[in-house]
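One structure below.
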Amino acid sequence: MSIRRLDPLLIDRIAAGEVIERPAAAVKELLENSLDAGASCIEIAIEAGGRRLIRVADNGGGMDESDLVLSVERHATSKLPDGNLSAIATFGFRGEALPSIASVSRLEIRTRTAGAPTALRLVVEDGAKSAVEPCAGSLGTRVEARDLFAATPARLKFLKSDRAEALAAADVVRRLALAHTSVRFVFVTDLGSGFDWPACGAGEAGRAERLRQALGDEFAANSLGLAARREGVALTGRIGLPTYSRPNALHQFVFVNGRAVRDKTLSGALRAAYLDVLPADRHGVVALFVECDPREVDVNVHPAKAEVRFRDPGLVRGLVVGAIKERLAAALHRASTTGGSATILAMRPPAAPPPNGWQPGPSPGGRAWPAAPQLAEPVQRGFAEFGPAAAVWTAPSDAHDVAAPLGAARAQVHGAYIVAETAEGLVIVDQHAAHERIVYEKLKRQREGRGVERQALLHPLVIDLDPDAAARIEAHGSELAALGLVVEGFGLGAVLVREAPSVIAQGDLDGLVRDLAADLAAEDGALSLERQLDHWLATFACHHSVRSGRALKPEEMNALLREMERTPGAGQCNHGRPTYVELKLADIERLFGRR
């Protein structure tokens with residue numbers, strides 16, 4: 001088959017496939033043009049998820065007639081005045097957005113510059129441009145794309161539902177709004193709910209307000225501010241507490257020089273930063289802003305500009321991981337505020353009808369008895385099991401204990417949970433999860449210092465395993481010895497434990513070795529050495545920690561609370577679960593209808 005030149009319209013549609021793969025991508029390109037034009041107010045409207053209509057109107061600088069004609073030509077842009085691709089300081093620079101959108105829709109542009117007597121109008125349909133004509137219009141530019149992909153029905157088949165596409169477009173607007181706090185964003189859709197976010201101003205106060213607008217008050221209450229700098233790279237933003245996590249990474253907002261990106265280096269850095277405090281299937285909620293010299297980052301590596309490449313990725317990764325870990329460690333025992341709300345919801349389900357047709361009758365005074373609050377079934381069963389041995393009540397502690405962040409221990413319930421009184425309410429602590437975190441952090445400090453302290457067993461422990469499991473344990477003997485666990489082969493299908501870390505020497509060593517063998521079979525070398533060692537330390541801690549069902553003395557309970565307050569990350573266990581929930585006095589009063 002002979003080579004031929006492609007039709008110009010076909011060329012544009014092929015290019016559109018790289019840039020405009022769905023309505024949300026068109027919204028992103030038009031928004032970035034508005035931001036580059038210096039707009040302080042941008043209004044976005046979509047219909048049918050963006051298939052029927054996408055309208056983006058701004059109050060930016062607008063275009064004169066010559067610029068308007070060139071704006072729909074391929075590879076025509078005002079964003080590269082000197083043609084230097086190594087220092088890009090604008091969003092649009094490829095000159096493909098408008099011609100790509102025009103090739104797959106009916107495009108209309110109305111624009112007006114300051115001082116112009118009228119606005120100008122240009123229409124592009126099926127690759128044919130109309131003549132520029134005067135029209136009514138305000139300062140700025142309004143772009144309308146109708147019937148997106150009507151000329152390429154094959155593309156329509158791959159779009160999701162209108163509601164899903166509308167949500168994707170809303171997410172694009174949200175991400176750009178987070179990075180541009182001085183701009184008002186109005187989003188209108190015929191599906192779901194839109195929003196109108198006023199401009200918040202520059203600086204930390206403006207960013208905090210925009211984060212509240214976009215992510216809600218709950219994120220503000222359960223996140224930590226972040227500010228760090230290293231070798232010309234600045235990192236700011238907010239990071240969610242580990243107990244305020246999500247099952248996917250959709251709530252991770254990362255920006256490089258104001259550009260919303262999904263970068264592998266930064267995504268990997270976020271996973272590494274939360275490695276110690278979240279399980280593999282949970283993701284932290286973050287809003288991070290990386291600022292650096294434009295010459296240190298290449299934004300020209302993806303047609304849709306969704307990815308970037310750093311000149312020194314190790315520097316950026318180290319900055320992100322180190323800053324987040326340091327900030328989370330500074331939060332010590334703090335856990336998310338959502339635990340108390342979840343507790344209240346668990347104890348206040350929809351009211352069930354009274355059993356056996358019972359109806360509340362009048363009280364002796366002639367007034368109706370109030371209906372008793374119905375507790376959730378698991379909670380009811382828990383209270384039904386209360387007996388004299390279910391709680392060990394403690395003597396009143398001094399005022400210093402009550403004033404401490406986690407308060408003074410008042411009871412141990414079911415041999416598993418510590419109830420403590422605080423100055424503002426009470427906390428319920430999972431004693432096993434809390435102690436697990438404390439032991440883990442202690443082992444980590446020892447490993448990073450002089451090495452894990454170990455203790456020789458008076459009677460070495462022989463553990464029978466299957467031959468493959470025993471071989472895996474023996475093969476990793478040197479790494480385990482560095483963590484304080486000295487094991488050696490003891491014939492076919494058995495290992496001998498001679499020494500163990502001092503803090504876990506009295507723990508369940510048999511179960512520990514069996515779990516390590518199972519982990520080694522599952523990991524099969526997939527983890528880095530550092531991550532593997534930390535994972536093993538977490539397994540050590542789990543097998544040594546105070547077990548559920550063990551009765552604690554009052555002084556032991558208070559000592560555990562004080563140790564939690566001193567331990568980094570003590571608000572969650574090694575598996576990412578909260579170690580305690582807090583109920584404020586106001587929450588308790590709501591439970592009893594006092595508020």
Side-chain angles (χ1 to χ4, degrees), residues 11-37 42-58 71-72 74-75 77 79 88 90-109 124 141-180 185 187-189 191-192 249-250 253-256 258-263 299-308:
I11 293 173
D12 286 342
R13 287 176 177 170
I14 293 173
E18 297 178 336
V19 179
I20 311 299
E21 75 277 7
R22 64 189 304 187
V27 171
K28 172 180 176 291
E29 296 291 342
L30 296 177
L31 275 177
E32 290 180 345
N33 281 347
S34 294
L35 291 168
D36 279 338
I42 306 176
E43 299 180 5
I44 308 98
I46 64 172
E47 293 180 9
R51 289 187 303 106
R52 188 182 308 142
L53 170 69
I54 296 173
R55 180 192 300 122
V56 176
D58 65 60
S71 69
V72 292
R74 289 197 68 202
H75 308 309
T77 182
K79 316 299 177 61
I88 297 172
T90 59
F91 290 110
F93 54 89
R94 289 174 174 267
E96 292 180 324
L98 287 177
S100 294
I101 296 172
S103 68
V104 291
S105 69
R106 181 182 184 275
L107 186 73
E108 178 188 271
I109 305 174
V124 184
T141 302
R142 188 184 79 176
V143 181
E144 284 189 1
R146 295 185 179 272
D147 301 324
L148 197 67
F149 303 133
T152 53
R155 300 285 300 280
L156 285 174
K157 295 192 303 183
F158 291 94
L159 295 184
K160 298 181 180 179
S161 68
D162 288 352
R163 187 171 298 278
E165 295 296 340
L167 289 174
D171 184 64
V172 165
V173 179
R174 180 182 296 108
R175 289 178 184 274
L176 284 168
L178 284 172
H180 299 86
F185 286 84
F187 180 72
V188 180
T189 173
L191 298 169
L250 295 179
F253 303 92
V254 181
F255 306 87
V256 177
R259 185 186 304 277
V261 299
R262 298 183 184 275
D263 180 73
V299 298
N300 194 29
V301 296
H302 190 277
K305 300 165 290 184
E307 299 175 7
V308 296

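For the single chain, residues carry numbers from 1 onward in sequence order.
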Exercise for the section: With the side chain counted from C-beta on, respond yes when V143 and L98 share a heavy-atom pair under 4.5 Å apart, and no when they do not. Expected result: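 Counting from C-beta outward, V143 and L98 do come under 4.5 Å.
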Problem - pair I101-L30: side-chain heavy atoms closer than 4.5 Å - result: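 I101 vs L30: side chains touch.
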Problem - Counterpart residues, ring pair (Phe, Tyr, Trp, His ring centres under 6.0 Å), relative to F253 (two or more places apart) - result: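 Not a single residue meets the ring pair (Phe, Tyr, Trp, His ring centres under 6.0 Å) criterion with F253.
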Practice task
Could I get the full list of ring pair (Phe, Tyr, Trp, His ring centres under 6.0 Å) partners for F187, not counting sequence neighbours?
Solution key: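 If we apply the ring pair (Phe, Tyr, Trp, His ring centres under 6.0 Å) test to F187, skipping adjacent residues, the hits are F195.
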Problem - Donor-acceptor contact present, side-chain D58 to main-chain T141, <3.5 Å - result: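 Flag set: sc D58 to bb T141 pair under 3.5 Å.
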Handout entry: Qualifying residues under side chain to side chain contact (heavy atoms under 4.5 Å, CB included), relative to V27, sequence neighbours excluded
Key =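 Scan of V27 (side chain to side chain contact (heavy atoms under 4.5 Å, CB included), adjacent residues dropped) gives L31, I44, I46, I54, A169, V172, V173.
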Handout entry: side chain to side chain contact (heavy atoms under 4.5 Å, CB included) partners for A168, two or more places apart
Key =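 Partners of A168 by the side chain to side chain contact (heavy atoms under 4.5 Å, CB included) criterion, ordered by chain and then number, come out as R22, A24.
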Could you report the tightest heavy-atom contact between [X] and [Y], atom names first, then the distance?
X	Y	result
E165	K160	OE2-N, 2.9 Å
K28	L176	O-CD1, 4.4 Å
L35	F185	CD2-CZ, 4.2 Å
S71	I109	OG-CD1, 4.1 Å

Problem - S105: side-chain hydrogen bond (donor to acceptor under 3.5 Å, both in side chains) partners, not counting sequence neighbours - result: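 By the side-chain hydrogen bond (donor to acceptor under 3.5 Å, both in side chains) rule, S105 matches no residue at all.
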Handout entry: For R175, all residues meeting side-chain hydrogen bond (donor to acceptor under 3.5 Å, both in side chains), sequence neighbours excluded
Key =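 Residues passing side-chain hydrogen bond (donor to acceptor under 3.5 Å, both in side chains) with R175: D171.
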Handout entry: Residue pairs passing the side chain to side chain donor-acceptor pair (under 3.5 Å) test where at least one lies in residues 45-54, sequence neighbours excluded
Key =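 For residues 45-54, and leaving out neighbouring residues, the side chain to side chain donor-acceptor pair (under 3.5 Å) pairs sorted by first residue read R51-D162.
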Exercise for the section: List in chain and number order the residues that pass salt bridge (charged side-chain N to carboxylate O under 4.0 Å, His left out) with R146, two or more places apart in sequence or in another chain; answer none if no residue qualifies. Expected result: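 Expected list: E144.
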Exercise for the section: Not counting sequence neighbours, which residues clear salt bridge (charged side-chain N to carboxylate O under 4.0 Å, His left out) with D147? List them please. Expected result: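 Here no residue qualifies.
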Exercise for the section: Measure the spacing between CZ of R106 and CG of L148 and express it to the nearest 0.5 Å. Expected result: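 Here the rounded value is 14.0 Å.
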Handout entry: Point-to-point distance, once rounded to the nearest 0.5 Å, from OG of S100 to CG of L107
Key =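 Output value for this atom pair is 11.0 Å.
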Handout entry: NZ/NE/NH1/NH2 to OD/OE distance under 4.0 Å, R142 and E43
Key =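 No salt bridge links R142 with E43.
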